[in-house]
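Not measured: the values here are computed from a predicted model.
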Amino acid sequence: MSPPIATGKSESGTARFLGSASSGILELIIFHPVDTVAKRLMSNQSRIFGGGLSSAESYALLNKVIFKDAAKDAFLKKYTSLFPGLGFAAGYKVAQRVYKFGGQPFVKDYLNKHHKDAFTSAFGEKTGKTIMHATAGSLVGIGEIALLPLDVLKIKRQTNPEAFRGRGFFTIIKDEGMGLYRGAGWTAARNAPGSFALFGGSAFVKEYVFHLSDYNQATFFQNFCSSIGGAVASITVAAPLDVVKTRIQNRNFENPESGLNIIKDLIKKEGFAGFFKGLTPKILVVGPKLIFSFTVAQQLIPFFDQALKK
């Protein structure tokens with residue numbers, strides 16, 4: 001997500017909510033399968049390529065890792081198998097989009113009002129402005145752990161459906177309680193630099209490449225470039241901790257494992273390259289994903305605003 005969508009004062013908060021929420025839902029329907037593939041690759045702890053495996057064996061193993069029990073089914077069943085946890089994912093994605101669209105501008109405005117001089121004196125006017133956007137994004141990213149239970153349930157449904165054993169949503173909430181916040185520290189540790197790079201990278205491109213004084217006046221092409229720059233930087237910076245966070249969250253509820261143990265086992269079994277598992281598919285989908293969500297939000301927010309005024 002690039003820094004806040006440009007919206008005029010005439011656009012109501014309700015319109016912004018409906019537009020950003022709708023953007024998140026449509027984004028989810030299109031990109032949830034790719035997210036599932038990335039999560040399953042990150043959760044896999046066995047070697048897929050190399051290690052004496054033939055091409056056919058590697059392909060069969062990759063097919064099993066990605067599609068699990070549907071590995072031998074027809075194409076349509078394979079595709080639908082990539083939509084586990086869609087209900088949890090919808091709740092998480094919509095809440096996340098609304099939270100970030102509204103949260104980062106609020107924090108940025110607060111920093112601009114109360115701490116602008118500190119940023120300017122420390123980094124200069126232009127760089128201070130960029131760092132302020134990045135810092136606001138980082139703070140909002142840390143606060144995103146409030147949504148962690150939905151993210152945990154989404155990831156478990158994607159990578160470890162056996163953990164549910166037919167239990168419903170409310171039964172899991174009752175049984176697990178605060179256990180659904182397992183990995184909150186690692187999530188915050190991932191979100192802080194990741195969101196800093198996301199908003200900071202986007203602001204950097206707008207400030208230093210396109211020389212924009214008002215980021216909200218960016219054209220479609222400028223938003224495209226800045227969003228890609230920020231998102232790729234964010235995903236790359238957060239990748240190692242994202243792998244650790246995912247493996248903490250996809251464990252069975254009754255068999256948790258600490259982040260430090262996961263890191264030790266990962267380095268021992270997979271080497272440091274294991275920290276970047278799933279990075280390529282996530283980066284490959286960043287461009288179209290961000291362009292799509294940004295464009296839909298830009299179109300739907302004014303549409304809802306006009307519809308609500310009728």
Side-chain angles (χ1 to χ4, degrees), residues 1-36 83 85-110 112 133 136-155 157 169-170 173 191 194-195 198-199 202-203 206 214-224 226-228 230-231 234 285-310:
M1 183 181 69
S2 63
I5 294 177
T7 55
K9 291 182 178 179
S10 61
E11 294 167 347
S12 67
T14 302
R16 294 182 70 180
F17 170 82
L18 291 174
S20 58
S22 299
S23 174
I25 291 171
L26 293 173
E27 174 190 335
L28 179 77
I29 292 172
I30 294 174
F31 293 101
H32 187 65
V34 180
D35 184 52
T36 298
F83 283 91
L86 187 59
F88 298 125
Y92 176 70
K93 177 58 67 178
V94 172
Q96 181 193 47
R97 282 299 182 214
V98 172
Y99 170 75
K100 280 198 171 183
F101 273 132
Q104 194 271 351
F106 176 83
V107 177
K108 187 264 297 178
D109 289 342
Y110 174 84
N112 187 56
H133 273 267
S138 184
L139 293 173
V140 169
I142 294 172
E144 202 173 325
I145 60 175
L147 306 175
L148 192 59
L150 287 173
D151 191 28
V152 170
L153 294 173
K154 173 181 78 78
I155 291 176
R157 285 290 294 160
F169 174 75
F170 291 106
I173 295 294
N191 286 358
S195 294
L198 176 67
F199 287 95
S202 182
K206 290 182 177 180
D214 182 357
Y215 298 166
N216 289 335
Q217 297 303 313
T219 64
F220 175 85
F221 177 74
Q222 290 168 337
N223 277 319
F224 168 82
S226 60
S227 295
I228 296 302
S234 174
V285 79
V286 161
K289 184 176 181 179
L290 289 180
I291 293 172
F292 176 84
S293 61
F294 186 81
T295 302
V296 169
Q298 285 285 73
Q299 294 296 318
L300 288 185
I301 289 174
F303 169 80
F304 281 120
D305 187 60
Q306 292 299 318
L308 291 169
K309 288 180 179 179
K310 292 181 179 179

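- The side-chain contact (heavy atoms from CB on, under 4.5 Å) search around Phe17 returns Val98, not counting sequence neighbours.
- For the atom pair Gln96 CD and Glu27 CD, the distance stands at 8.0 Å (nearest 0.5 Å).
- In this structure, the separation between CG on Leu198 and OG on Ser138 is 11.0 Å, given to the nearest 0.5 Å.
- Remark: Arg97 CZ to Leu26 CG distance equals 12.0 Å, nearest 0.5 Å.
- Scanning both residues, Phe304 and Ser22, for their nearest heavy atoms gives CE1-OG, 3.6 Å.
- Counting heavy atoms from C-beta outward, Ser293 and Phe31 have side chains that stay 4.5 Å or more apart.
- Under the side-chain contact (heavy atoms from CB on, under 4.5 Å) criterion, Asn112 pairs with Lys116, Met132, sequence neighbours left out.
- Tyr110 meets the side-chain contact (heavy atoms from CB on, under 4.5 Å) test with His114, His115; sequence neighbours excluded.
- Rounded to the nearest 0.5 Å, atoms OG (Ser20) and OH (Tyr99) are 14.0 Å apart.
- By the side-chain contact (heavy atoms from CB on, under 4.5 Å) test, Leu308 is found to be paired with Ser12, Thr14, Ala15, Leu18, residues two or more places apart in sequence or in another chain being considered.
- With hydrogens and angles ignored, the 3.5 Å screen pairs no side-chain donor or acceptor of Ser227 with any backbone N or O of Phe224.
- Ser234 and Ser195 make their closest contact through OG-N, 4.3 Å (heavy atoms, listed as atom of the first residue, atom of the second, distance).
- Residues meeting the salt bridge (Lys or Arg N to Asp or Glu O under 4.0 Å) test with Glu144, sequence neighbours left out: Lys100.
- In plain terms, the two heavy atoms of Gly141 and Asn191 that are nearest each other are O-ND2, 2.9 Å.
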